Amino acid sequence: MILRLIGGTPMRGAADTTWRGAIEDVDAYDLDDDAARVRILAADGLVISGGVDHVLLGRHRDALTGFVRSGGRVLVNGQVVKPFIDGLAAWRKLEFRGPQDVRPHPVFPHPVWKGIDYRDLHYRTGVPGTHSYERLEEIGVAGFYGRGYHLDLPAEASLVTGIGQYALPLDYSYPLGNGEVLVHGGNDLESFSDDGYSTRVLGPNLVDWLGGGVRDTVELKPAGPVAAVAGIRPAAGARPDTAATRPAAAAREAGQAAPRIGLLHGGTFPALRTLADPALAPYRLESVYLPDADPSALAGLDVVIVSDRLHQGQLARFVPAILAALQDPGKTVIVLGENKVEQWLPGIGYSFRPTVFWMWRTGEDNGTRLRLPEDSLWEFFTPWSVSWHHHGLLHPRPGARSLVVMEEDGAESGSLLYVDEVNQPARLLVTTMDPVYHHGSGFMPGASQLLYSLLRWVTATHAPRA
(Lines give C-alpha, C1' and ligand atoms only; values in the text may rest on other atoms or scores of the structure.)
Protein backbone atom coordinates (compact mmCIF):
# COMPACT_ATOMS: atom_id res chain seq x y z
CA MET A 1 0.00 0.00 0.00
CA ILE A 2 1.38 3.38 -1.06
CA LEU A 3 -0.24 6.52 0.34
CA ARG A 4 0.18 10.15 -0.66
CA LEU A 5 -0.39 12.84 1.95
CA ILE A 6 -2.13 15.79 0.33
CA GLY A 7 -2.95 19.22 1.69
CA GLY A 8 -4.37 22.32 0.03
CA THR A 9 -6.83 22.61 -2.83
CA PRO A 10 -5.32 20.94 -5.93
CA MET A 11 -5.20 22.84 -9.19
CA ARG A 12 -8.40 22.23 -11.11
CA GLY A 13 -7.81 20.36 -14.33
CA ALA A 14 -4.57 18.79 -13.13
CA ALA A 15 -3.85 15.29 -14.44
CA ASP A 16 -4.43 12.31 -12.19
CA THR A 17 -1.13 11.03 -10.85
CA THR A 18 -2.27 7.95 -8.93
CA TRP A 19 -1.39 5.60 -11.81
CA ARG A 20 -4.48 3.46 -11.97
CA GLY A 21 -4.90 3.27 -8.25
CA ALA A 22 -1.33 2.38 -7.34
CA ILE A 23 -1.18 5.38 -5.01
CA GLU A 24 -4.01 6.38 -2.67
CA ASP A 25 -4.51 10.00 -1.62
CA VAL A 26 -4.98 10.67 2.09
CA ASP A 27 -5.68 13.99 3.80
CA ALA A 28 -2.52 14.90 5.72
CA TYR A 29 -4.63 16.15 8.65
CA ASP A 30 -5.62 12.52 9.21
CA LEU A 31 -2.28 12.27 11.01
CA ASP A 32 -3.99 14.01 13.93
CA ASP A 33 -6.43 11.10 14.29
CA ASP A 34 -4.95 8.14 16.18
CA ALA A 35 -6.69 5.41 14.16
CA ALA A 36 -6.01 7.07 10.80
CA ARG A 37 -2.38 7.65 11.73
CA VAL A 38 -1.92 3.96 12.49
CA ARG A 39 -3.17 3.13 8.98
CA ILE A 40 -0.93 5.75 7.37
CA LEU A 41 2.16 4.54 9.19
CA ALA A 42 1.38 0.93 8.20
CA ALA A 43 1.85 1.76 4.50
CA ASP A 44 4.73 0.37 2.47
CA GLY A 45 5.64 3.80 1.14
CA LEU A 46 4.58 7.42 1.54
CA VAL A 47 4.54 10.39 -0.80
CA ILE A 48 4.41 13.80 0.87
CA SER A 49 2.94 16.35 -1.49
CA GLY A 50 4.44 19.81 -1.69
CA GLY A 51 1.07 21.25 -0.69
CA VAL A 52 1.04 19.73 2.81
CA ASP A 53 1.07 21.78 6.00
CA HIS A 54 4.68 21.81 7.25
CA VAL A 55 3.62 22.82 10.74
CA LEU A 56 1.42 19.72 10.91
CA LEU A 57 4.23 17.52 9.62
CA GLY A 58 6.60 18.99 12.20
CA ARG A 59 4.24 17.94 14.98
CA HIS A 60 4.44 14.35 13.68
CA ARG A 61 8.19 14.34 13.09
CA ASP A 62 8.84 11.45 15.50
CA ALA A 63 6.15 9.30 13.88
CA LEU A 64 7.33 10.01 10.32
CA THR A 65 10.95 9.40 11.29
CA GLY A 66 9.95 6.15 12.97
CA PHE A 67 8.15 5.06 9.80
CA VAL A 68 11.37 5.38 7.80
CA ARG A 69 13.61 3.87 10.47
CA SER A 70 11.39 0.79 10.52
CA GLY A 71 12.04 0.21 6.80
CA GLY A 72 9.58 2.52 5.06
CA ARG A 73 10.36 4.66 2.04
CA VAL A 74 9.23 8.27 1.68
CA LEU A 75 9.27 10.74 -1.20
CA VAL A 76 9.34 14.33 0.09
CA ASN A 77 8.23 16.94 -2.44
CA GLY A 78 8.59 20.71 -2.35
CA GLN A 79 10.69 23.15 -0.40
CA VAL A 80 11.49 22.07 3.14
CA VAL A 81 11.23 25.10 5.42
CA LYS A 82 11.77 23.25 8.70
CA PRO A 83 12.73 19.55 8.75
CA PHE A 84 9.88 17.18 9.64
CA ILE A 85 11.88 13.95 9.24
CA ASP A 86 15.31 13.47 10.80
CA GLY A 87 18.04 14.34 8.31
CA LEU A 88 16.00 16.56 5.96
CA ALA A 89 17.99 19.50 4.63
CA ALA A 90 16.59 23.00 4.27
CA TRP A 91 15.84 24.31 0.77
CA ARG A 92 17.47 27.48 -0.57
CA LYS A 93 16.31 29.61 -3.48
CA LEU A 94 18.65 29.69 -6.47
CA GLU A 95 19.26 33.07 -8.08
CA PHE A 96 18.92 32.42 -11.80
CA ARG A 97 18.85 34.48 -14.97
CA GLY A 98 18.22 31.92 -17.69
CA PRO A 99 17.48 28.27 -18.51
CA GLN A 100 21.05 27.11 -18.03
CA ASP A 101 21.01 28.28 -14.41
CA VAL A 102 18.18 25.85 -13.59
CA ARG A 103 19.08 22.96 -15.88
CA PRO A 104 18.91 19.62 -13.99
CA HIS A 105 21.85 17.23 -14.39
CA PRO A 106 21.97 13.54 -13.46
CA VAL A 107 24.68 12.93 -10.87
CA PHE A 108 24.30 9.47 -9.33
CA PRO A 109 21.78 6.94 -10.69
CA HIS A 110 18.60 6.19 -8.81
CA PRO A 111 15.92 3.71 -9.94
CA VAL A 112 13.18 6.38 -9.95
CA TRP A 113 14.95 8.29 -12.75
CA LYS A 114 15.92 5.23 -14.82
CA GLY A 115 15.15 5.74 -18.53
CA ILE A 116 14.42 9.48 -18.27
CA ASP A 117 15.83 12.11 -20.62
CA TYR A 118 16.60 15.06 -18.34
CA ARG A 119 15.73 17.49 -21.12
CA ASP A 120 12.12 16.40 -20.65
CA LEU A 121 12.33 17.49 -17.02
CA HIS A 122 14.01 20.80 -17.87
CA TYR A 123 11.85 21.91 -20.81
CA ARG A 124 8.51 20.47 -19.77
CA THR A 125 5.69 22.62 -21.13
CA GLY A 126 2.73 20.41 -20.29
CA VAL A 127 1.91 20.02 -24.00
CA PRO A 128 4.20 17.46 -25.70
CA GLY A 129 5.56 18.61 -29.04
CA THR A 130 4.52 22.26 -28.57
CA HIS A 131 8.05 23.54 -29.19
CA SER A 132 11.44 22.06 -30.07
CA TYR A 133 14.15 21.97 -27.41
CA GLU A 134 16.01 24.64 -29.38
CA ARG A 135 12.96 26.94 -29.40
CA LEU A 136 12.32 26.37 -25.71
CA GLU A 137 15.96 27.25 -25.00
CA GLU A 138 15.65 30.41 -27.09
CA ILE A 139 12.54 31.73 -25.35
CA GLY A 140 13.66 30.62 -21.89
CA VAL A 141 10.88 28.18 -21.07
CA ALA A 142 12.38 26.21 -18.20
CA GLY A 143 12.31 25.98 -14.46
CA PHE A 144 9.28 23.91 -13.52
CA TYR A 145 11.44 21.03 -12.33
CA GLY A 146 13.48 22.92 -9.78
CA ARG A 147 14.51 26.44 -8.80
CA GLY A 148 16.58 25.87 -5.71
CA TYR A 149 18.98 23.57 -3.90
CA HIS A 150 19.62 22.03 -0.48
CA LEU A 151 22.25 22.82 2.12
CA ASP A 152 23.78 20.54 4.75
CA LEU A 153 22.83 17.16 3.31
CA PRO A 154 23.03 14.18 5.66
CA ALA A 155 26.47 12.57 5.76
CA GLU A 156 25.26 9.42 3.96
CA ALA A 157 23.20 11.25 1.35
CA SER A 158 23.54 10.44 -2.33
CA LEU A 159 23.07 13.30 -4.79
CA VAL A 160 20.70 12.23 -7.57
CA THR A 161 20.15 15.46 -9.50
CA GLY A 162 22.19 18.64 -9.53
CA ILE A 163 20.89 22.00 -10.72
CA GLY A 164 22.69 24.65 -12.75
CA GLN A 165 26.27 24.91 -13.87
CA TYR A 166 27.61 23.89 -10.46
CA ALA A 167 25.21 20.93 -10.09
CA LEU A 168 23.98 22.12 -6.70
CA PRO A 169 21.98 19.52 -4.74
CA LEU A 170 18.38 19.41 -6.02
CA ASP A 171 17.29 15.75 -5.67
CA TYR A 172 18.94 13.55 -3.07
CA SER A 173 18.32 10.39 -1.07
CA TYR A 174 19.63 9.10 2.21
CA PRO A 175 19.24 5.99 4.34
CA LEU A 176 17.58 6.36 7.73
CA GLY A 177 17.55 3.26 9.89
CA ASN A 178 16.23 0.47 7.67
CA GLY A 179 14.41 2.81 5.30
CA GLU A 180 15.18 5.57 2.82
CA VAL A 181 14.12 9.18 2.24
CA LEU A 182 14.03 10.59 -1.28
CA VAL A 183 13.77 14.38 -1.64
CA HIS A 184 12.72 16.37 -4.70
CA GLY A 185 13.05 20.12 -4.11
CA GLY A 186 10.47 21.25 -6.64
CA ASN A 187 6.94 20.71 -7.93
CA ASP A 188 5.59 17.26 -7.03
CA LEU A 189 7.83 14.71 -8.74
CA GLU A 190 4.93 12.41 -9.61
CA SER A 191 3.32 15.21 -11.66
CA PHE A 192 6.15 14.95 -14.20
CA SER A 193 5.10 11.49 -15.36
CA ASP A 194 3.76 12.59 -18.77
CA ASP A 195 2.81 10.10 -21.47
CA GLY A 196 4.20 12.33 -24.22
CA TYR A 197 7.73 12.40 -22.78
CA SER A 198 10.38 9.97 -21.62
CA THR A 199 9.15 10.83 -18.12
CA ARG A 200 6.23 8.46 -18.73
CA VAL A 201 8.32 5.87 -16.84
CA LEU A 202 8.74 8.10 -13.79
CA GLY A 203 5.40 7.14 -12.24
CA PRO A 204 5.85 3.38 -12.55
CA ASN A 205 9.48 3.71 -11.40
CA LEU A 206 8.36 5.63 -8.33
CA VAL A 207 5.66 3.11 -7.46
CA ASP A 208 8.14 0.24 -7.74
CA TRP A 209 10.66 2.03 -5.55
CA LEU A 210 8.18 3.08 -2.87
CA GLY A 211 6.78 -0.43 -2.63
CA GLY A 212 10.20 -2.03 -2.37
CA GLY A 213 10.95 -1.29 1.26
CA VAL A 214 10.96 -3.94 3.97
CA ARG A 215 9.02 -2.82 7.03
CA ASP A 216 9.73 -3.92 10.58
CA THR A 217 6.89 -4.30 13.06
CA VAL A 218 6.85 -1.24 15.27
CA GLU A 219 4.64 -0.01 18.05
CA LEU A 220 2.61 2.96 16.84
CA LYS A 221 2.00 5.25 19.79
CA PRO A 222 -0.73 7.89 19.95
CA ALA A 223 0.46 11.42 19.25
CA GLY A 224 1.34 13.48 22.26
CA PRO A 225 -0.15 16.84 23.15
CA VAL A 226 -0.20 19.33 20.32
CA ALA A 227 2.73 21.68 20.67
CA ALA A 228 2.72 25.37 19.94
CA VAL A 229 2.88 26.21 16.26
CA ALA A 230 6.40 25.53 15.11
CA GLY A 231 8.08 27.42 12.34
CA ILE A 232 5.79 30.47 12.39
CA ARG A 233 6.91 33.61 14.12
CA PRO A 234 4.62 36.59 14.50
CA ALA A 235 5.36 39.27 11.96
CA ALA A 236 7.50 42.12 13.23
CA GLY A 237 5.36 44.37 15.35
CA ALA A 238 2.41 41.98 15.48
CA ARG A 239 -0.15 42.94 18.11
CA PRO A 240 -0.73 40.73 21.12
CA ASP A 241 -3.67 38.37 21.17
CA THR A 242 -5.57 40.65 23.52
CA ALA A 243 -6.11 42.99 20.56
CA ALA A 244 -7.34 40.26 18.25
CA THR A 245 -11.02 40.96 18.82
CA ARG A 246 -10.95 44.74 18.53
CA PRO A 247 -13.19 46.08 15.76
CA ALA A 248 -11.12 47.48 12.89
CA ALA A 249 -12.61 50.97 13.16
CA ALA A 250 -11.90 51.09 16.89
CA ALA A 251 -8.26 50.22 16.23
CA ARG A 252 -7.92 53.18 13.89
CA GLU A 253 -9.64 55.50 16.39
CA ALA A 254 -7.04 54.40 18.92
CA GLY A 255 -4.35 55.94 16.72
CA GLN A 256 -3.25 52.95 14.66
CA ALA A 257 -2.03 54.41 11.36
CA ALA A 258 -1.23 51.38 9.23
CA PRO A 259 -3.92 48.78 8.60
CA ARG A 260 -3.63 45.43 10.32
CA ILE A 261 -3.22 42.85 7.56
CA GLY A 262 -3.77 39.18 8.28
CA LEU A 263 -2.79 36.35 5.93
CA LEU A 264 -4.96 33.26 6.30
CA HIS A 265 -2.81 30.23 5.47
CA GLY A 266 -2.39 26.52 6.05
CA GLY A 267 1.29 26.20 6.97
CA THR A 268 2.45 25.23 3.47
CA PHE A 269 5.96 26.09 2.37
CA PRO A 270 4.88 28.93 0.00
CA ALA A 271 2.94 30.62 2.80
CA LEU A 272 5.74 30.21 5.34
CA ARG A 273 8.31 31.55 2.90
CA THR A 274 6.04 34.47 2.02
CA LEU A 275 5.59 35.37 5.69
CA ALA A 276 9.37 35.26 6.14
CA ASP A 277 10.10 37.46 3.09
CA PRO A 278 12.05 40.54 4.31
CA ALA A 279 10.58 42.58 1.44
CA LEU A 280 7.17 42.21 3.04
CA ALA A 281 8.27 43.19 6.55
CA PRO A 282 7.06 46.82 6.20
CA TYR A 283 3.50 45.56 5.79
CA ARG A 284 3.66 43.72 9.12
CA LEU A 285 1.72 40.73 7.86
CA GLU A 286 0.09 38.82 10.67
CA SER A 287 0.04 35.04 10.44
CA VAL A 288 -3.42 33.47 10.74
CA TYR A 289 -2.62 29.76 10.77
CA LEU A 290 -5.98 28.13 10.12
CA PRO A 291 -5.65 24.90 12.14
CA ASP A 292 -4.84 26.80 15.35
CA ALA A 293 -6.33 30.28 14.95
CA ASP A 294 -9.68 31.36 16.35
CA PRO A 295 -11.95 32.67 13.58
CA SER A 296 -12.89 35.55 15.88
CA ALA A 297 -9.39 36.93 15.31
CA LEU A 298 -10.55 38.27 11.94
CA ALA A 299 -12.66 40.87 13.77
CA GLY A 300 -9.48 42.68 14.80
CA LEU A 301 -8.02 42.89 11.31
CA ASP A 302 -8.45 45.73 8.85
CA VAL A 303 -7.46 43.59 5.88
CA VAL A 304 -8.19 39.87 5.53
CA ILE A 305 -6.16 38.09 2.83
CA VAL A 306 -7.40 34.58 2.07
CA SER A 307 -4.27 32.92 0.72
CA ASP A 308 -4.51 30.78 -2.40
CA ARG A 309 -4.95 26.99 -2.56
CA LEU A 310 -6.16 26.58 1.03
CA HIS A 311 -7.26 23.23 2.42
CA GLN A 312 -11.04 23.27 1.99
CA GLY A 313 -11.75 21.66 5.35
CA GLN A 314 -9.62 24.19 7.23
CA LEU A 315 -11.02 27.09 5.21
CA ALA A 316 -14.63 26.04 5.91
CA ARG A 317 -14.18 26.76 9.61
CA PHE A 318 -13.34 30.39 8.75
CA VAL A 319 -15.99 31.02 6.10
CA PRO A 320 -18.57 32.42 8.58
CA ALA A 321 -15.94 34.83 9.94
CA ILE A 322 -14.95 35.89 6.42
CA LEU A 323 -18.58 36.51 5.52
CA ALA A 324 -18.97 38.51 8.74
CA ALA A 325 -15.92 40.58 7.77
CA LEU A 326 -17.66 41.44 4.51
CA GLN A 327 -20.35 43.17 6.57
CA ASP A 328 -17.85 45.58 8.15
CA PRO A 329 -17.47 48.80 6.11
CA GLY A 330 -14.05 49.32 7.66
CA LYS A 331 -12.55 46.17 6.17
CA THR A 332 -11.00 44.97 2.92
CA VAL A 333 -11.20 41.27 2.07
CA ILE A 334 -8.90 39.81 -0.61
CA VAL A 335 -9.57 36.26 -1.82
CA LEU A 336 -6.89 34.61 -3.96
CA GLY A 337 -7.14 31.77 -6.45
CA GLU A 338 -7.98 28.06 -6.28
CA ASN A 339 -10.26 28.40 -3.25
CA LYS A 340 -13.55 27.27 -4.86
CA VAL A 341 -15.09 30.65 -4.09
CA GLU A 342 -18.24 29.80 -6.03
CA GLN A 343 -19.11 27.41 -3.20
CA TRP A 344 -19.03 29.97 -0.38
CA LEU A 345 -18.88 33.58 -1.62
CA PRO A 346 -22.44 34.80 -2.23
CA GLY A 347 -23.55 35.13 -5.84
CA ILE A 348 -20.21 34.23 -7.46
CA GLY A 349 -20.00 31.97 -10.52
CA TYR A 350 -16.98 30.12 -11.86
CA SER A 351 -15.99 28.60 -15.22
CA PHE A 352 -13.02 26.30 -15.61
CA ARG A 353 -10.31 27.18 -18.10
CA PRO A 354 -6.98 25.34 -18.45
CA THR A 355 -3.97 27.19 -17.13
CA VAL A 356 -1.47 28.48 -19.70
CA PHE A 357 1.73 28.25 -17.68
CA TRP A 358 4.25 29.67 -20.12
CA MET A 359 2.52 32.65 -21.72
CA TRP A 360 4.64 34.99 -19.60
CA ARG A 361 7.72 33.60 -21.40
CA THR A 362 6.42 32.74 -24.85
CA GLY A 363 4.39 35.92 -25.32
CA GLU A 364 1.38 34.02 -26.62
CA ASP A 365 -2.01 35.67 -26.28
CA ASN A 366 -4.07 33.80 -23.70
CA GLY A 367 -6.95 36.27 -23.88
CA THR A 368 -6.11 38.34 -20.80
CA ARG A 369 -7.39 41.91 -21.15
CA LEU A 370 -7.15 44.91 -18.83
CA ARG A 371 -10.23 47.05 -18.33
CA LEU A 372 -11.25 50.38 -16.73
CA PRO A 373 -7.93 52.20 -17.31
CA GLU A 374 -9.18 55.18 -15.29
CA ASP A 375 -9.67 53.06 -12.15
CA SER A 376 -7.49 54.11 -9.22
CA LEU A 377 -6.32 50.51 -8.77
CA TRP A 378 -4.05 50.90 -11.81
CA GLU A 379 -1.94 53.38 -9.86
CA PHE A 380 -0.58 50.35 -8.01
CA PHE A 381 -0.75 47.48 -10.52
CA THR A 382 1.18 47.00 -13.76
CA PRO A 383 0.03 44.88 -16.72
CA TRP A 384 2.86 42.46 -15.93
CA SER A 385 1.55 41.90 -12.41
CA VAL A 386 -1.84 40.60 -13.62
CA SER A 387 -1.05 38.75 -16.84
CA TRP A 388 1.26 35.85 -15.98
CA HIS A 389 -1.45 33.18 -15.72
CA HIS A 390 -4.76 32.35 -14.08
CA HIS A 391 -6.93 29.48 -12.85
CA GLY A 392 -10.31 29.91 -14.49
CA LEU A 393 -12.94 32.62 -14.80
CA LEU A 394 -15.13 34.36 -12.21
CA HIS A 395 -18.61 35.74 -12.77
CA PRO A 396 -19.16 38.40 -10.11
CA ARG A 397 -22.38 40.02 -9.00
CA PRO A 398 -23.70 43.09 -10.86
CA GLY A 399 -21.95 46.29 -9.87
CA ALA A 400 -18.52 44.72 -9.34
CA ARG A 401 -15.63 46.24 -11.36
CA SER A 402 -13.85 43.64 -13.46
CA LEU A 403 -10.37 45.03 -14.02
CA VAL A 404 -8.79 41.95 -15.60
CA VAL A 405 -10.95 39.81 -17.88
CA MET A 406 -10.73 36.96 -20.36
CA GLU A 407 -11.62 37.62 -23.97
CA GLU A 408 -12.61 34.67 -26.15
CA ASP A 409 -13.76 34.95 -29.75
CA GLY A 410 -13.92 38.72 -29.43
CA ALA A 411 -16.18 38.75 -26.37
CA GLU A 412 -15.57 38.90 -22.64
CA SER A 413 -16.21 35.52 -21.05
CA GLY A 414 -15.34 36.14 -17.41
CA SER A 415 -13.29 38.01 -14.86
CA LEU A 416 -9.77 37.19 -13.65
CA LEU A 417 -9.68 39.97 -11.04
CA TYR A 418 -12.48 42.19 -9.81
CA VAL A 419 -13.25 44.64 -7.03
CA ASP A 420 -16.72 44.82 -5.48
CA GLU A 421 -17.64 47.81 -3.32
CA VAL A 422 -21.42 47.75 -3.80
CA ASN A 423 -22.77 44.31 -2.91
CA GLN A 424 -21.59 44.30 0.71
CA PRO A 425 -20.34 46.96 3.14
CA ALA A 426 -16.69 45.85 2.96
CA ARG A 427 -14.41 46.22 -0.04
CA LEU A 428 -13.86 42.85 -1.74
CA LEU A 429 -11.18 41.87 -4.26
CA VAL A 430 -11.27 38.39 -5.79
CA THR A 431 -8.91 36.84 -8.35
CA THR A 432 -8.22 33.41 -9.81
CA MET A 433 -4.49 34.12 -9.77
CA ASP A 434 -2.38 32.46 -7.04
CA PRO A 435 0.45 34.87 -6.12
CA VAL A 436 1.32 33.49 -2.67
CA TYR A 437 1.95 30.02 -4.10
CA HIS A 438 4.24 31.29 -6.85
CA HIS A 439 5.96 33.98 -4.82
CA GLY A 440 6.67 31.53 -2.01
CA SER A 441 7.88 28.99 -4.58
CA GLY A 442 10.31 31.51 -6.07
CA PHE A 443 8.74 31.24 -9.50
CA MET A 444 7.05 33.67 -11.90
CA PRO A 445 8.17 37.27 -11.24
CA GLY A 446 4.73 38.56 -12.18
CA ALA A 447 3.24 36.69 -9.22
CA SER A 448 5.58 38.49 -6.83
CA GLN A 449 4.63 41.79 -8.45
CA LEU A 450 0.94 41.00 -7.92
CA LEU A 451 1.48 40.22 -4.24
CA TYR A 452 3.53 43.39 -3.70
CA SER A 453 0.96 45.43 -5.64
CA LEU A 454 -1.92 44.08 -3.58
CA LEU A 455 -0.18 45.09 -0.37
CA ARG A 456 0.75 48.54 -1.68
CA TRP A 457 -2.80 49.10 -2.90
CA VAL A 458 -4.53 48.04 0.28
CA THR A 459 -2.10 49.94 2.51
CA ALA A 460 -2.37 53.17 0.54
CA THR A 461 -6.13 53.14 -0.04
CA HIS A 462 -7.63 51.43 2.96
CA ALA A 463 -9.82 53.75 5.02
CA PRO A 464 -13.10 53.51 6.93
CA ARG A 465 -16.12 53.84 4.64
CA ALA A 466 -19.65 54.66 5.62
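Everything numeric here is computed off the predicted structure, so don't read it as measured data.
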Without swapping roles, check the side chain of Glu338 against the backbone of Thr432 for a donor-acceptor pair under 3.5 Å.
no
Could you tell me which non-hydrogen atom of Pro435 sits nearest to which non-hydrogen atom of Leu336, and how far apart they are?
CG-CD1, 3.9 Å
Between Thr382 and Gln449, does any side-chain donor sit less than 3.5 Å from a side-chain acceptor?
yes
Please check: side-chain N/O of Asp308 versus main-chain N/O of Tyr437, any donor-acceptor pairing under 3.5 Å?
yes
Quick one: does Leu428's side chain get under 4.5 Å of Ile334's, heavy atoms only?
no
What is the distance from atom CG of Leu264 to atom CG of Leu290, rounded to the nearest 0.5 Å?
5.0 Å
Quick check: do Leu94 and Val102 have side-chain heavy atoms less than 4.5 Å from each other?
yes
Looking only at heavy atoms, which two atoms of Gly211 and Asp44 are closest? And how far apart?
CA-CB, 4.4 Å
Check this for me, if you would: do Asp86 and Arg69 make a salt bridge, where the nitrogen-to-carboxylate-oxygen distance has to be below 4.0 angstrom?
yes
Just by distance, do the side chain of Arg73 and the backbone of Gly179 share a donor-acceptor pair under 3.5 Å?
no
Backbone of Gly164 reached by a side-chain donor or acceptor of His105 within 3.5 Å:
yes
If you measure from CG on Leu455 to OG on Ser453, what distance do you get to the nearest 0.5 Å?
9.0 Å
Val74 vs Leu210 side-chain heavy atoms within contact, under 4.5 Å:
no
Parallel, tilted or perpendicular: which describes the rings of Tyr452 and His439, with under 30° parallel and over 60° perpendicular?
perpendicular
Tell me whether the rings of Tyr172 and Tyr174 are parallel (<30°), tilted (30 to 60°) or perpendicular (>60°).
parallel
CA sep, side-chain torsions, deciding dist, call: Ser49, Asp188, side-chain contact (heavy atoms from CB on, under 4.5 Å)
CA-CA 6 Å; Ser49 169; Asp188 286 4; 2.9 Å; yes
Walk me through it: do His395 and Tyr350 pass the test ring pair (Phe, Tyr, Trp, His ring centres under 6.0 Å)?
CA-CA 6 Å; His395 307 290; Tyr350 173 85; 7.9 Å; no
Under the salt bridge (charged side-chain N to carboxylate O under 4.0 Å, His left out) test, residues paired with Asp171 that sit two or more places apart:
none
Is Trp91 reaching over with its side chain to a backbone N or O of Gly185, donor-acceptor style, under 3.5 angstrom?
yes
Note, Asp194 side chain near Tyr197 side chain (heavy atom, < 4.5 Å):
yes
To the nearest 0.5 Å, tell me how far Leu176 CG sits from Thr65 OG1.
6.0 Å
Looking at Glu24 and Arg4, is any side-chain nitrogen of the basic one under 4.0 Å from a carboxylate oxygen of the acidic one?
no
Is there a side-chain contact between Leu64 and Val68 in this structure, where contact means two heavy atoms from C-beta onward sitting under 4.5 Å apart?
no
Ring-plane angle category for His54 and Phe269, please: parallel below 30°, perpendicular beyond 60°, tilted otherwise.
tilted
Which label fits Tyr145 and His184: parallel for a plane angle under 30°, tilted from 30 to 60°, or perpendicular past 60°?
tilted
With rounding to the nearest 0.5 Å, note down the distance linking CG in Leu182 to CD1 in Ile48.
11.5 Å
Is Asp33 atom CG crowded by more than 12 heavy atoms from other residues, nucleotides or ligands, each under 6.0 Å away?
yes
If only atom types and distance count, is the side chain of Arg200 paired as donor or acceptor with the main-chain N or O of Asp195 below 3.5 Å?
yes
Looking at residues at least two apart in the chain, or sitting in another chain, which of them share a salt bridge (charged side-chain N to carboxylate O under 4.0 Å, His left out) with Asp27?
none
Looking only at side chains, do Asp32 and His60 share a donor and an acceptor under 3.5 Å apart?
yes
For Pro169 against Leu159, the heavy-atom pair lying closest together:
CA-CD1, 3.4 Å
Closest approach of Ser307 and Leu263, non-hydrogen atoms and distance?
CB-CD1, 4.0 Å
With Leu189, the side chain to side chain contact (heavy atoms under 4.5 Å, CB included) member among Val183, Val112, Val47, Thr199
Val112
Do His110 and Thr161 pass the side-chain contact (heavy atoms from CB on, under 4.5 Å) test, and can you show the C-alpha distance, the side-chain angles, and the key distance before you say yes or no?
CA-CA 9 Å; His110 190 282; Thr161 305; over 6 Å; no
Leu429 side chain near Thr332 side chain, heavy-atom distance below 4.5 Å
no
Minimal heavy-atom distance between Leu46 and Ile40, with the atoms involved, is CD2-O, 3.7 Å
Would you say Ser198's side chain and Asp117's backbone share a donor-acceptor pair under 3.5 angstrom?
yes
Counting N and O atoms only, with roles assigned by atom type, does the side chain of Ser385 sit under 3.5 Å from a partner on the main chain of Phe381, one being a donor and the other an acceptor?
no
Within-4.5 Å side-chain heavy-atom neighbours: His390 and Met406:
yes
Candidate pair Leu451 and Leu280, rule side-chain contact (heavy atoms from CB on, under 4.5 Å), full reasoning
CA-CA 9 Å; Leu451 183 61; Leu280 300 182; 4.0 Å; yes
Just verifying a value: how many Å separate Tyr289 OH and Leu275 CG, rounded to the nearest 0.5 Å?
12.5 Å
With distance as the sole test, does Ser193 use its side chain to make a donor-acceptor pair with the main-chain N or O of Glu190 at under 3.5 Å?
no
Compare all side-chain heavy atoms of Leu310 with those of Phe318 and state whether any distance is below 4.5 angstrom.
no
When you check the gap from the basic side-chain N to the acidic O, do Asp62 and Arg37 get nearer than 4.0 Å?
no
Asn187 CG to Ser441 OG distance, which is reported to the nearest 0.5 Å:
6.5 Å
Side chain to side chain donor-acceptor pair (under 3.5 Å) between His265 and Ser287, worked out:
CA-CA 7 Å; His265 70 95; Ser287 166; 2.8 Å; yes
Donor-acceptor contact present, side-chain Asp434 to main-chain Arg309, <3.5 Å:
no
Would you please test Leu315 and Val306 for side-chain contact (heavy atoms from CB on, under 4.5 Å) and show each step?
CA-CA 9 Å; Leu315 175 59; Val306 181; 4.1 Å; yes
Minimum heavy-atom separation for Ala28 to Leu5, with atom names?
CB-CB, 4.1 Å
Cation-aromatic face contact Arg92/Tyr149, 6.0 Å, 45 degrees:
no
When you check the side-chain N and O atoms of Gln314 and Asp53, is any donor under 3.5 Å from an acceptor?
no
List for me each residue that meets side-chain contact (heavy atoms from CB on, under 4.5 Å) alongside Val201, sequence neighbours excluded, and say none if there are none.
Ile116, Asn205
